[in-house]
Amino acid sequence: GAVVSQHPSWVICKSGTSVKIECRSLDFQATTMFWYRQFPKQSLMLMATSNEGSKATYEQGVEKDKFLINHASLTLSTLTVTSAHPEDSSFYICSGVARSGANVLTFGAGSRLTVL
Amino acid sequence: QKEVEQNSGPLSVPEGAIASLNCTYSDRGSQSFFWYRQYSGKSPELIMSIYSNGDKEDGRFTAQLNKASQYVSLLIRDSQPSDSATYLCAAGALVRGQNFVFGPGTRLSVLP
């Protein structure tokens, strides 16, 4: 089945630094990647939708200059948390949709970010 | 606004019993529905998809869809402690590339 590889699985950084999270679709071409954030015991919150080769569409309340999303190819999308602060500590999950076949979301394993 | 609703639980069932998880959705135009299982600290994993009215069975899991009532359910037979997780119901996107609408999830606890 479809696999999305997400790295790193966990990262600890100092406040003010930037962190990049990568998601790769290993066996399918993902025309669309969705990025979610999830706080403990809460539901998934969609942050942005990225389509290959175009600018990401951010949900209301998500700062596009803080959460930089790049989807330069059909197999790679990245999320960069810039100038991270402790309140950005969360579980970040990507998911991809293939360009053909079943319209199903395949999730990456998630990245747990802790900002000190 | 498109919404998917679920009882947040927790739903507790004894080991070996049938767990019944329910979900309603607001958009009558939704055509595809999914159940994802999410263990604590992990990302969601797809366990069932259903597109037509009626039942769909896969091992111990049975998904049921009733489009007239805008209702989706998931039955887990012979529940095991390893089934303890949060179950997310999702209504699929009408157009490829649109986000799926997720419910808040139901936390299931299977007691040994």
Side-chain angles (χ1 to χ4, degrees), chain A residues 1-7 9-10 21 23 28-54 56-60 62 71 74 90-112 114, chain B residues 1-11 21 23 25 27 29-52 56 58-59 63 72 84-109:
Chain A
V3 176
V4 172
S5 175
Q6 182 172 349
H7 295 280
S9 55
W10 59 271
I21 299 170
C23 273
F28 69 99
Q29 293 182 322
T31 48
T32 304
M33 280 282 196
F34 301 99
W35 286 91
Y36 299 87
R37 180 167 55 182
Q38 189 175 38
F39 294 105
K41 298 190 184 302
Q42 294 189 21
S43 58
L44 295 172
M45 188 194 84
L46 179 67
M47 298 176 66
T49 302
S50 76
N51 291 296
E52 183 263 339
S54 60
T57 302
Y58 291 81
E59 295 298 300
Q60 191 172 8
V62 178
H71 194 165
L74 286 171
S90 188
F91 190 46
Y92 292 88
I93 316 172
C94 66
S95 70
V97 176
R99 66 186 306 180
S100 62
N103 189 18
V104 176
L105 279 180
T106 300
F107 284 90
S111 299
R112 185 160 303 283
T114 301
Chain B
Q1 185 170 345
K2 300 174 186 177
E3 291 183 344
V4 172
E5 296 186 352
Q6 297 179 254
N7 188 322
S8 62
L11 172 67
L21 305 167
C23 166
Y25 60 94
D27 185 2
S30 297
Q31 298 294 320
S32 56
F33 304 89
F34 306 86
W35 284 99
Y36 286 84
R37 177 176 61 198
Q38 185 176 24
Y39 291 113
S40 180
K42 303 294 184 182
S43 71
E45 58 178 323
L46 180 68
I47 54 173
M48 288 287 285
S49 61
I50 187 166
Y51 302 91
S52 305
K56 179 182 178 182
D58 183 0
V72 191
S84 298
T86 296
Y87 289 80
L88 303 171
C89 174
L94 297 178
V95 175
R96 189 181 297 270
Q98 288 181 345
N99 185 41
F100 290 22
V101 181
F102 281 87
T106 297
R107 190 155 54 92
L108 172 67
S109 179

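In this text the structure is predicted, and so the values were computed from the model without any measurement. Naming convention: chains lettered A, B, ... in sequence-line order (proteins, then strands); numbering from 1 in each chain.
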Self-check item: Top contributor to chain A interface from B:Pro104, B:Ser32, B:Pro44 [non-hydrogen pairs under 4.5 Å]
Solution: B:Pro44
Quiz item: chain B: which of A:Thr49, A:Leu44, A:Thr31 shares the most heavy-atom pairs with it under 4.5 Å?
Solution: A:Leu44
Quiz item: If every non-hydrogen atom of A:Leu74 is compared with every non-hydrogen atom of A:Arg99, which pair is closest and at what distance?
Solution: CD1-NH1, 3.3 Å
Self-check item: Heavy-atom pair count under 4.5 Å with chain A, highest-scoring of B:Gln98, B:Glu45, B:Arg107
Solution: B:Gln98
Self-check item: Contacts of B:Leu46 that satisfy side chain to side chain contact (heavy atoms under 4.5 Å, CB included) - sequence neighbours left out
Solution: A:Val104, B:Phe34, B:Tyr36
Exercise. Answer with yes or no whether the side chains of A:Gln38 and B:Gln38 bring together a donor and an acceptor at under 3.5 Å.
Key: yes
Self-check item: Interchain contact, A:Leu46 with chain B, by part (heavy-atom threshold 4.5 Å)
Solution: side chain
Self-check item: Pick from A:Gly110, A:Ser9, A:Ser100 with the largest number of heavy-atom pairs that fall under 4.5 Å of chain B
Solution: A:Ser100
Practice problem: Fit a plane to each ring of A:Tyr36 and B:Phe102, take the angle between them on a 0 to 90° scale, and name the class: parallel (under 30°), tilted (30 to 60°) or perpendicular (over 60°). | Solution: perpendicular
Quiz prompt | chain A contacts, top residue of B:Gly92, B:Gly41, B:Gly103, B:Ala90 (heavy-atom pairs, under 4.5 Å) | solution = B:Gly41
Quiz item: Between A:Ala48 and A:Tyr58, which heavy-atom pair has the shortest distance, and what is it?
Solution: CB-CD2, 3.8 Å
